[in-house]
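Below is one structure; the comments refer to it alone.
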Number of protein chains: 2
Amino acid sequence: MDDVYLEQVKAFGETGRHPAARVVTIAYCSLINIEHHQLKILANELHWHRVTTLSDMAFDHRQILDACYEWLQKRIQEHPLGFSLLPKKFSLRELQNLYEAILDVKLDRRNFRKKFFSMDLLEDTGELETDVPHRPGKLYRFNYEKYQKKERRKWFGIDF
Amino acid sequence: MDDVYLEQVKAFGETGRHPAARVVTIAYCSLINIEHHQLKILANELHWHRVTTLSDMAFDHRQILDACYEWLQKRIQEHPLGFSLLPKKFSLRELQNLYEAILDVKLDRRNFRKKFFSMDLLEDTGELETDVPHRPGKLYRFNYEKYQKKERRKWFGIDF
DNA sequence: CCAAAAGTGTTAATGTTACACCCATGC
DNA sequence: GCATGGGTGTAACATTAACACTTTTGG
């Protein structure tokens, strides 16, 4: 695929990963909407899979996948990755669904809202959802520019 | 050096890092007590340096160092790295000094104490500091076993 | 009018920050 | 007895968690 934003997760370079030789793999992770991206290589049994129902993988590939998923769960809590997976204008429900899916938790709707609004990075577009069989939600846009300018504290607090 | 525990920080593989060819570097970070470890290679101008007063570095090595330092500052807040740098039995003052040095912040003594004791991973050895020109502090030991068994929550809270 | 999800506020619990006094040791 | 840093508790504040009712739309 072209034009996908990748972030590096980790390099895997243990001896013995591959039976034939020492192989170093650098794993990257990306959030992409599979509706909007086609796999270019259709050979080699290349498919999309659910993370919950994965068949056996070769070598240490399962470990790599697990490392990526854990990385993602942590990363998305600390950085605004998720928006690349949503349309430019999205409802809070879509955003929450995304977080719930990735983190595999249920979140309180009101507290989720408060949290995001308190970060002050979502802009009301003034538009509403359409074609929903219930009260339409407002559509928001993520303000990347504001996010960039925001000063991030180095100190979060010791906790382990 | 032998026998130092390394943790991987990041791989650097941009094109153009090195003028001659594409070079991939995998950076690792370790906390070691330079009193207890000798540099084995004395050629090649290999020395210890303070991070605060570093001369120019070749290629993108400064970026690598910065990435490592930032990684360390984050990592030490979430994982018990620091103890590898202290003697097995250490005073809380030593521990706090370590955190203050790495994070480059001043911390409140009482709150630091409370924080660590609330994690319930420090064991009182019953011993005291010696040869200090003031009231000696108690010596503690970090309980790695308890730390391992501790269940870590996946969910910390969205914040960016 | 019914179903479905949106929108909203308050309270309790928890965690974090700020801060001051007495104590034990070496000199 | 003085200087130095060790040890401790509390109150204000900030953050998070829990929780229920009204509103808007489509059918």
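Each chain gets a letter, A, B and so on, in the order its sequence line appears, and its residues count up from 1.
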Would you call [X] and [Y] a salt bridge, taking side-chain N to carboxylate O under 4.0 Å as the test?
X: A:Asp108; Y: A:Lys114; value: no
X: A:Glu127; Y: A:Lys138; value: no
X: A:Lys74; Y: A:Glu70; value: no

Output field: ring centroids A:Tyr140/A:Phe83 closer than 6.0 Å |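 No, they do not, as the ring centres are separated by 6.0 Å or more.
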Are B:Val105 and B:Leu81 joined in one hydrophobic group, where the rule is that I, L, V, M, F, W and Y side chains link up if heavy atoms are under 4.5 Å apart?
->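 Per the 4.5 Å side-chain linkage, B:Val105 and B:Leu81 are co-clustered.
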Indicate, with yes or no, if A:Leu98 and B:Trp155 share a hydrophobic cluster defined by side-chain heavy-atom contacts under 4.5 Å among Ile, Leu, Val, Met, Phe, Trp and Tyr.
->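 Linked, B:Trp155 and A:Leu98 end up in one cluster.
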Within 45° cone and under 6.0 Å: A:Arg152 NZ/CZ vs A:Tyr147 ring |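 Geometry flag: set, cation within 6.0 Å and 45°.
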For B:Glu129 and for A:Asp131, locate the closest nucleotide of DNA chain D by heavy-atom distance; then report the residue assigned to the nucleotide nearer the 5' terminus.
->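 That would be B:Glu129.
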Using atom [atom1] of [X] as one end and atom [atom2] of [N] as the other, report the distance to the nearest whole Å.
X: B:Leu128; N: D:dG6; atom1: CG; atom2: C1'; value: 10 Å
X: A:His134; N: C:dA4; atom1: NE2; atom2: C1'; value: 6 Å
X: A:Arg113; N: C:dT10; atom1: CZ; atom2: C1'; value: 17 Å

Can you tabulate the close N/O pairs, meaning under 3.5 Å, that link protein atoms to atoms of nucleotides 12-16 of chain C?
unit_1 : atom_1 : unit_2   : atom_2 : d
C:dT16 : OP2    : B:Lys115 : NZ     : 3.1

Kindly state which residues belonging to residues 92-112 of chain B come within less than 4.0 angstrom of DNA chain D, counting heavy atoms of the residue only, listed by number.
->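 Going residue by residue through residues 92-112 of chain B, the ones with a heavy atom under 4.0 Å of DNA chain D turn out to be B:Arg93, B:Arg109, B:Arg110.
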To the side chain of B:Lys138, which of D:dA17, C:dA5, D:dG7 is closest?
->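 Nearest nucleotide to the side chain: D:dG7.
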If you look only at pairs with a residue in residues 5-36 of chain B, which of them pass as a ring-ring contact (aromatic ring centres under 6.0 Å, His included), with sequence neighbours excluded?
->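 Sorted pair list: B:His18-B:Phe59.
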Give a yes or no on whether a donor-acceptor pair under 3.5 Å exists between the nucleobase atoms of D:dT23, that is its base, and the side chain of A:Arg135.
->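 A donor-acceptor contact between them is present.
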Below 3.5 Å, does any donor atom in the side chain of A:Lys114 face an acceptor in the base of C:dT10, or the other way round?
->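 By the distance-only test, yes, there is a pair.
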